[in-house]
Amino acid sequence: MRRTHRCGEVTKKDLDKNVVLNGWVKRTRDLGGMLFLDLRDISGVVQVFFDNEKTELYEAAKKLRMEDVIEVTGQVRAREEKNINPNMSTGEIEVGATGLTVLSKSEVPPFVISDAENASEELRFEYRYLDLRNEKAMNAMVLRSKAVMKVRNYFQRHNFIDIETPILNKSTPEGARDYIVPSRIHKGKFYALPQSPQIFKQILMVAGFDRYIQMARCFRDEDLRADRQPEFTQIDAEMSFIEQEDIFEIIEGLMVELWDLIDVKLSPPFPRLTWQEAMERYGTDRPDTRFGIELVDITKAAQETGLDMFKGENNVTKAIVAPGASEWSRKVIDELTEEAKKMGAKGLLWIKMEETEVKSSILKTLGEEKTRTLAVAAGAKTGDVALIVSDSFLKASKVLGHLRLVTGEKLELIDKNKFNFLWVYDFPLFEWSEEEQRYSATHHAFTSPREEDLDKLETSPESVLSQAYDLVCNGTELGGGSIRIHRPDIQKKVFKALGISEEEAEEKFGFLLKALKYGAPPHGGIAFGMDRIVAFLAWEDSIRAVIAFPKTTSAYCPLSDTPSEVGTKALDELNITLKK
RNA sequence: GGGGUCGUAGUUCAGUUGGUUAGAACGCCGGCCUGUCACGCCGGAGGUCGCGAGUUCGAGCCUCGUCGGCCCCGCCA
């Protein structure tokens, strides 16, 4: 018999109707002579009633266990006033059972489904099919589906074409470590899984699809975090004949529609901040602007103290003020110092502006008056604590940017209900890599320098700014992109600055360079971490919660036991020998 | 690659300065119960204390190593 209703959709309108329901046994409550059963499917839960006037049926119901799959026939009836359960959407009715079929028995599950949130992630992911039966986990996936539909719908309305790009790709030298797939036919050669469809979407622009969109699965073989999985989904978009501002507008419209899913009204345009300004004020390229506390440059005041520690040639002294934090114990200060050192600072200078006196690590060396002057330069008032770091501009900014976040958390200054979006743009085109002793691309090798910086490409690459941009929300980078290089001559100069030889460029990216020679339109685009966006919408801290089958931080899947060894036959065919 | 933290019953956890028989809650099994909805009450089963060494008369507890989960730094164009 086919079901007539989903469990959560039986309502008062169905009173006296005979219904057929399918679902999982959430729980039974046997009162002796009468038994209540909560039946669950994706739509919700409904209460089924068995009594011992129908002895056989009652005895059968007594044998049911959690997570058995059953079919129930019965009649919808209203609950008496005193028996209504206001916490249940179907709480005004119940189904008086007239028939019961067990469709599938369940073993005792390793955790109780309705309590899955309290089980360890490892266990939940091993039994993800049980975990997903839990309302919250299932809703996250439902929300994800809605978000995907929104995105596709939005871009279609704006004339974007959805095109799939290859999963088996050429390995490229820049960027993250590739996942590698050996080729059987081409022995000794390898495919790489895409870190992003970057080059292909640019080639699609050359082809003339002037607006492209794809939900692209991407793969990066790097160490994982709460917001990083080895495979993840990007909303990948690219447009021709546009400028940076066009991208901002179209994406702002998309964010409005996505956040509408959770009834949050965003009001574009989002604030725009240059990279320089973001670093100066927040010490990071992804500022969390849900709370105040900005970095202050006190280099001049610091140098006037005459202390050696402030003197270095490229030294910049920066500070933040923790408002009303003079109650902080020595232990808290020590913690902050540890945090600062973790970020690479030599140390952390602190000044406590207490009611009657000033306390500081440099009080003895500097004396009360000069110490107070320094704190005041940072903007500290009575009751505040000034935290000071002296180092290179980037180091001092980053350390204080981190301390700013820690301080915001500690003092509970962050309004968790806010969604503060902003654009960061004008990133440096290159950054110096100490490890490799060369410049590397801040965004990627195809990012266009700003027009006005073109002539500095060869003379002072470090000062060239790019047409790259990030969309940031609450201190998280949701996505980023750039206007691309569409002229082969500029692309060559950028490769040169990156220390990529012509031969290497030809070997690795030759197909893109060739395409650019055949009438490439000016173009640019952006890519978003779909998982991060959905995690935001679902109020989850980890993207694992919004991925159906996530991997652990060691890139292992506890459900399928992946990765695993392969047989010698497969290795032989691939001409691969494993090292001992 | 580095740092932190956790690992005890099916699950989530407690376990004192190293000391007799390792506890609780939920779940599970059995019984009672006619309006429950975290039902209630009574009884019961269930443990290689992640793994391996070491110290000790004696280790869940201390030491070293190792494996795994999570968080962070590096890394992630």
Side-chain angles (χ1 to χ4, degrees), chain A residues 26-39 45-53 58 62 65-67 79-88 90-91 94 96 107-127 130 172-178 195-196 198-199 218-230 232 335 338-344 398-399 402 405-406 427 429-431 433-436 439-447 466 468 477 480-482 494 498 500 509 527 529 541-542 544 551-554 556 558:
Chain A
K26 184 188 176 197
R27 192 177 278 281
T28 58
R29 291 175 294 279
D30 182 2
L31 272 63
M34 67 192 299
L35 184 148
F36 297 96
L37 181 154
D38 293 338
L39 190 64
V45 177
V46 67
Q47 177 166 283
V48 181
F49 177 86
F50 297 85
D51 69 35
N52 68 357
E53 285 169 29
Y58 172 71
K62 269 173 84 162
R65 292 294 175 266
M66 282 198 267
E67 303 313 315
R79 297 198 197 180
E80 281 178 41
E81 191 69 35
K82 66 179 168 64
N83 294 330
I84 287 176
N85 184 346
N87 302 318
M88 225 173 147
T90 57
E94 66 187 1
E107 288 191 10
V108 176
F111 51 83
V112 177
I113 304 306
S114 50
D115 199 36
E117 283 174 66
N118 292 321
S120 76
E121 257 195 334
E122 196 183 3
L123 191 70
R124 290 166 57 187
F125 293 162
E126 184 182 344
Y127 295 90
L130 298 181
T172 52
E174 296 279 296
R177 210 173 281 119
D178 284 321
Q195 297 174 25
S196 83
Q198 183 58 37
I199 292 175
C218 303
F219 307 84
R220 294 179 187 173
D221 187 5
E222 295 292 347
D223 288 347
L224 309 179
R225 291 281 197 290
D227 61 354
R228 276 165 26 190
Q229 283 271 297
F232 59 100
E335 266 174 53
E338 270 312 301
E339 290 288 333
K341 285 184 178 164
K342 212 166 75 182
M343 295 295 290
K398 282 182 180 173
V399 171
H402 178 69
L405 291 180
V406 176
F427 279 79
L429 187 61
F430 304 111
E431 53 196 4
S433 166
E434 280 298 330
E435 195 183 326
E436 297 175 67
Y439 287 107
S440 64
T442 305
H443 185 53
H444 59 49
F446 318 110
T447 297
S466 69
E477 180 199 326
S482 62
V494 169
L498 287 170
I500 299 175
F509 311 109
D541 291 328
S542 162
R544 289 187 295 268
K551 294 185 172 59
T552 68
T553 50
S554 64
Y556 173 75

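Chain A is the first sequence line, chain B the second, and so forth, proteins listed ahead of strands; every chain is numbered from 1.
Closest non-hydrogen pair, A:Q47 versus A:R79, comes out as CB-NH2, 3.4 Å.
The A:A226 side chain lies nearest to B:C72 when the options are B:C75, B:G68, B:C72. In the set B:G1, B:C37, B:C70, the nucleotide with an atom closest to the side chain of A:D38 is B:C37. Among B:G74, B:C70, B:C76, the nucleotide with an atom closest to any side-chain atom of A:T552 is B:C70. Among the nucleotides B:C73, B:G69, B:U34, the one closest to any side-chain atom of A:R225 is B:C73. Nearest nucleotide to the side chain of A:T553, out of B:U34, B:C73, B:C71: B:C71. Taking only side-chain atoms of A:N83, from C-beta outward, the nucleotide of B:C33, B:G69, B:C37 with the closest atom is B:C37. With B:C39, B:C73, B:C37 as the candidates, the nucleotide lying closest to the side chain of A:M343 is B:C73. Closest to the side chain of A:R65, from the set B:C70, B:G35, B:C29, is B:C29. Closest to the A:V108 side chain, of the nucleotides B:C37, B:G27, B:G68, is B:G27.
Comparing the C1' positions of B:A22 and B:A14 gives an interatomic distance of 11 Å, to the nearest angstrom. Remark: the separation of the P atoms in B:G19 and B:C13 is 24 Å, to the nearest Å. Separating the P atom of B:U21 from that of B:A38 is a span of 42 Å, rounded to the nearest Å. Going from the C1' atom of B:A45 to that of B:C57 covers 35 Å, rounded to whole Å. Look at the P atom in both B:U56 and B:G47: the space between them is 32 Å, to the nearest Å. Comparing B:C70 with B:G52, their P atoms sit 24 Å apart, to the nearest whole Å. With both ends at atom P, the span from B:A9 to B:U55 equals 28 Å, rounded to whole Å.
Look at B:G7: its Watson-Crick or wobble partner, with both distances under 3.5 angstrom, is B:C67. A 3.5 Å limit on both hydrogen-bonding distances identifies no Watson-Crick or G-U partner for B:G35. Remark: B:G43 base-pairs with B:C29; criterion is Watson-Crick or G-U wobble with both hydrogen-bond distances under 3.5 Å. Using N1 to N3 plus N6-O4 or O6-N4 for Watson-Crick, or N1-O2 and O6-N3 for G-U wobble, each under 3.5 Å, B:G23 pairs with B:C13. Under the Watson-Crick or G-U wobble criterion, with both distances below 3.5 Å, B:C62 is paired with B:G54.
The aromatic rings of A:Y439 and A:F430 sit tilted, their planes meeting at an angle between 30° and 60°.
In this model, the phosphate group of B:C70 is not approached by any side-chain N or O of A:S542 to a distance below 4.0 Å at OP1 or OP2. Of the side-chain N and O atoms in A:R544, none sit less than 4.0 angstrom from OP1 or OP2 of B:G69. OP1 or OP2 of B:C37 has not a single side-chain nitrogen or oxygen of A:R79 nearer than 4.0 Å. Residue A:R29 places at least one side-chain N or O under 4.0 Å from the OP1 or OP2 atom of B:C39.
As judged by a 4.0 angstrom heavy-atom cut-off over every strand, A:D221 is placed among residues making no nucleic acid contact. When heavy atoms are screened at a 4.0 angstrom cut-off, A:T442 is found touching the sugar-phosphate backbone but no base atom. Within 4.0 Å (heavy atoms only), A:E94 reaches at least one base atom of the nucleic acid. When heavy atoms are screened at a 4.0 angstrom cut-off, A:Q47 is found touching base atoms of the nucleic acid.
A distance of 9.5 Å separates CZ of A:F125 from OG1 of A:T552, quoted to the nearest 0.5 Å. Atom-to-atom distance recorded for A:K26:NZ and A:M66:CE is 11.0 Å, nearest 0.5 angstrom. Atom CG of A:L31 sits about 12.0 Å away from atom CG of A:D51, to the nearest 0.5 Å. Note that CZ of A:R29 and CG of A:L37 are 8.5 Å apart. Values are rounded to the nearest 0.5 Å. Rounding to the nearest 0.5 Å gives a distance of 10.0 Å between CD of A:E53 and CE of A:M34.
The NZ atom of A:K398 sits 17 Å away from the P atom of B:C72 (whole-angstrom rounding). Here B:G1 presents its P atom at 13 Å from CD of A:E222, a figure rounded to the nearest Å. As a whole-Å value, the separation of A:D30 CG from B:C29 P is 13 Å. Summarising the geometry, the separation between CD on A:Q195 and C1' on B:C75 is reported as 12 Å, rounded to the nearest angstrom. The separation between A:Y58 atom OH and B:U36 atom P is 15 Å, rounded to whole Å.
In this structure, A:E121 does not pair ionically with A:R124, as no charged nitrogen and carboxylate oxygen lie closer than 4.0 Å. By the 4.0 Å N-to-carboxylate-O rule, A:R228 lies too far from A:E222 to be salt-bridged with it.
At most 12 heavy atoms of other shown residues, nucleotides or ligands fall within 6.0 angstrom of atom NZ in A:K398.
Counting atom types as modelled, A:R228 pairs a side-chain N or O with a base atom of B:C76 as donor and acceptor under 3.5 Å.
Ring-base stacking between A:F49 and B:G35 is satisfied, the centre separation being under 5.5 Å and the plane angle under 30°.
Residue order along RNA chain B, read from the 5' end via each residue's closest nucleotide, puts A:K82 first among A:K82 and A:N87.
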Could you write out each protein N or O paired with an N or O of nucleotides 6-14 of chain B at a distance under 3.5 Å?
{"unit_1": "B:G10", "atom_1": "O2'", "unit_2": "A:P110", "atom_2": "O", "d": "3.2"}
{"unit_1": "B:U11", "atom_1": "O4'", "unit_2": "A:P110", "atom_2": "O", "d": "3.3"}
{"unit_1": "B:U12", "atom_1": "OP1", "unit_2": "A:S120", "atom_2": "N", "d": "3.0"}
{"unit_1": "B:U12", "atom_1": "OP1", "unit_2": "A:S120", "atom_2": "OG", "d": "3.3"}

